[in-house]
Amino acid sequence: MAPVVDAKRDAKAFLACKDSKGDVAQCTKELTKVVNGAGDVVRRECYGQAEDFQKCFAHRFTLSTCGDDTVNRLLACHQNLTQYVLKP
(Lines give C-alpha, C1' and ligand atoms only; values in the text may rest on other atoms or scores of the structure.)
Protein backbone atom coordinates (compact mmCIF):
# COMPACT_ATOMS: atom_id res chain seq x y z
CA MET A 1 0.00 0.00 0.00
CA ALA A 2 1.54 3.21 -1.18
CA PRO A 3 1.42 6.28 1.03
CA VAL A 4 0.10 9.48 -0.51
CA VAL A 5 3.60 10.96 -0.53
CA ASP A 6 4.92 8.06 -2.64
CA ALA A 7 1.99 8.31 -5.04
CA LYS A 8 2.57 12.04 -5.52
CA ARG A 9 6.30 11.43 -6.05
CA ASP A 10 5.50 8.81 -8.70
CA ALA A 11 3.12 11.22 -10.42
CA LYS A 12 5.82 13.88 -10.56
CA ALA A 13 8.32 11.34 -11.92
CA PHE A 14 5.86 10.35 -14.65
CA LEU A 15 5.27 13.97 -15.65
CA ALA A 16 9.03 14.60 -15.74
CA CYS A 17 9.53 11.50 -17.91
CA LYS A 18 6.73 12.56 -20.26
CA ASP A 19 8.18 16.05 -20.55
CA SER A 20 11.73 14.84 -21.17
CA LYS A 21 10.87 12.06 -23.62
CA GLY A 22 7.87 13.75 -25.20
CA ASP A 23 5.90 10.53 -25.46
CA VAL A 24 3.78 8.69 -22.91
CA ALA A 25 4.57 5.36 -24.59
CA GLN A 26 8.19 5.67 -23.46
CA CYS A 27 7.17 6.13 -19.82
CA THR A 28 5.11 2.99 -19.24
CA LYS A 29 7.06 1.99 -16.13
CA GLU A 30 6.39 5.35 -14.50
CA LEU A 31 2.75 5.33 -15.64
CA THR A 32 2.21 1.89 -14.11
CA LYS A 33 3.58 3.11 -10.79
CA VAL A 34 1.28 6.16 -10.88
CA VAL A 35 -1.82 4.12 -11.63
CA ASN A 36 -1.07 1.52 -8.97
CA GLY A 37 -0.10 4.07 -6.34
CA ALA A 38 -3.11 6.32 -6.94
CA GLY A 39 -5.40 3.29 -6.96
CA ASP A 40 -4.01 2.11 -3.63
CA VAL A 41 -4.49 5.52 -2.04
CA VAL A 42 -8.04 5.92 -3.34
CA ARG A 43 -9.01 2.38 -2.32
CA ARG A 44 -7.68 2.89 1.20
CA GLU A 45 -8.94 6.42 1.81
CA CYS A 46 -12.42 5.90 0.29
CA TYR A 47 -13.00 2.56 2.01
CA GLY A 48 -15.86 3.84 4.19
CA GLN A 49 -17.76 5.30 1.26
CA ALA A 50 -17.18 2.13 -0.77
CA GLU A 51 -18.55 0.01 2.09
CA ASP A 52 -21.68 2.17 2.29
CA PHE A 53 -22.16 1.84 -1.46
CA GLN A 54 -21.69 -1.94 -1.36
CA LYS A 55 -24.32 -2.28 1.38
CA CYS A 56 -26.75 -0.22 -0.67
CA PHE A 57 -25.99 -2.19 -3.81
CA ALA A 58 -26.44 -5.52 -2.02
CA HIS A 59 -29.86 -4.38 -0.79
CA ARG A 60 -30.79 -2.88 -4.16
CA PHE A 61 -30.82 0.60 -2.67
CA THR A 62 -33.84 -0.15 -0.47
CA LEU A 63 -32.14 0.82 2.82
CA SER A 64 -33.23 4.13 4.29
CA THR A 65 -29.63 5.41 4.20
CA CYS A 66 -29.25 4.72 0.47
CA GLY A 67 -29.72 7.39 -2.11
CA ASP A 68 -27.95 9.60 -4.54
CA ASP A 69 -25.91 11.04 -1.69
CA THR A 70 -24.27 7.65 -1.06
CA VAL A 71 -23.09 7.41 -4.65
CA ASN A 72 -22.10 11.07 -4.78
CA ARG A 73 -19.93 10.77 -1.65
CA LEU A 74 -18.06 7.81 -3.17
CA LEU A 75 -17.54 9.55 -6.50
CA ALA A 76 -16.46 12.79 -4.80
CA CYS A 77 -13.96 10.91 -2.66
CA HIS A 78 -12.49 9.19 -5.71
CA GLN A 79 -12.34 12.41 -7.70
CA ASN A 80 -10.83 14.54 -4.93
CA LEU A 81 -8.13 12.05 -4.00
CA THR A 82 -7.21 11.33 -7.59
CA GLN A 83 -6.89 15.03 -8.34
CA TYR A 84 -4.80 15.55 -5.20
CA VAL A 85 -2.42 12.69 -5.99
CA LEU A 86 -2.00 13.67 -9.64
CA LYS A 87 -1.68 17.40 -9.01
CA PRO A 88 1.91 18.46 -9.73
Side-chain angles (χ1 to χ4, degrees):
M1 295 204 316
V4 176
V5 175
D6 291 347
K8 286 187 74 69
R9 183 195 63 228
D10 292 340
K12 288 179 183 178
F14 168 71
L15 291 174
C17 176
K18 187 179 78 167
D19 290 343
S20 69
K21 295 183 180 177
D23 187 16
V24 175
Q26 296 178 358
C27 300
T28 56
K29 179 179 143 188
E30 290 84 357
L31 180 59
T32 300
K33 288 176 81 173
V34 170
V35 171
N36 290 337
D40 284 346
V41 168
V42 169
R43 183 181 68 233
R44 184 178 60 245
E45 298 296 327
C46 297
Y47 180 77
Q49 292 86 350
E51 282 293 307
D52 291 345
F53 176 80
Q54 290 298 326
K55 288 176 189 173
C56 290
F57 184 78
H59 290 94
R60 298 186 180 169
F61 291 89
T62 58
L63 299 175
S64 63
T65 58
C66 298
D68 289 343
D69 191 45
T70 304
V71 177
N72 290 336
R73 280 194 314 266
L74 177 62
L75 293 175
C77 183
H78 282 191
Q79 182 178 15
N80 292 339
L81 279 171
T82 302
Q83 285 177 349
Y84 177 74
V85 169
L86 299 180
K87 187 177 180 180

Nearest 0.5 angstrom please: [X] [atom1] to [Y] [atom2], how far?
| X | Y | atom1 | atom2 | result |
| --- | --- | --- | --- | --- |
| Thr28 | Lys33 | OG1 | NZ | 12.0 Å |
| Asp69 | Gln49 | CG | CD | 10.5 Å |
| Leu15 | Asp10 | CG | CG | 11.0 Å |
| Leu74 | Cys46 | CG | SG | 6.5 Å |
| Leu81 | Arg44 | CG | CZ | 9.5 Å |
| Phe14 | Leu86 | CZ | CG | 9.5 Å |

request  = Taking the side chain as every heavy atom from C-beta outward, state whether Thr65 and Thr70 have any atom pair closer than 4.5 Å.
outcome  = no
request  = Could you check if a side-chain atom of Cys27 sits within less than 4.5 angstrom of a side-chain atom of Lys21, using non-hydrogen atoms only?
outcome  = yes
inquiry  = Counting only heavy atoms not in Asp19 (residues, nucleotides, ligands), do more than 12 fall under 6.0 Å from its CG?
reply    = yes
Lys NZ or Arg CZ of Lys8 over Tyr84 ring: under 6.0 Å, within 45° = yes
Are [X] and [Y] connected in the hydrophobic side-chain network, where two residues link if heavy atoms are under 4.5 Å apart?
| X | Y | result |
| --- | --- | --- |
| Val85 | Val5 | no |
| Leu75 | Tyr47 | no |
| Val35 | Val24 | yes |

inquiry  = Could you check whether any side-chain N or O of Ser20 sits under 3.5 Å from a backbone N or O of Cys17, counting only pairs where one atom can act as donor and the other as acceptor?
reply    = yes
query = Can you list the residues that meet the ring pair (Phe, Tyr, Trp, His ring centres under 6.0 Å) rule with Phe53, with sequence neighbours excluded?
reply = Phe61
task = Write down the atom of Glu45, the atom of Cys77, and the distance for their closest heavy-atom approach.
result = O-SG, 4.1 Å
remark   = Heavy-atom nearest pair, Ala38 first then Ala7, reads N-CB, 4.3 Å
query = Which pairs, with at least one residue in residues 50-61 and sequence neighbours excluded, count as a salt bridge (Lys or Arg N to Asp or Glu O under 4.0 Å)?
reply = Asp52-Arg73
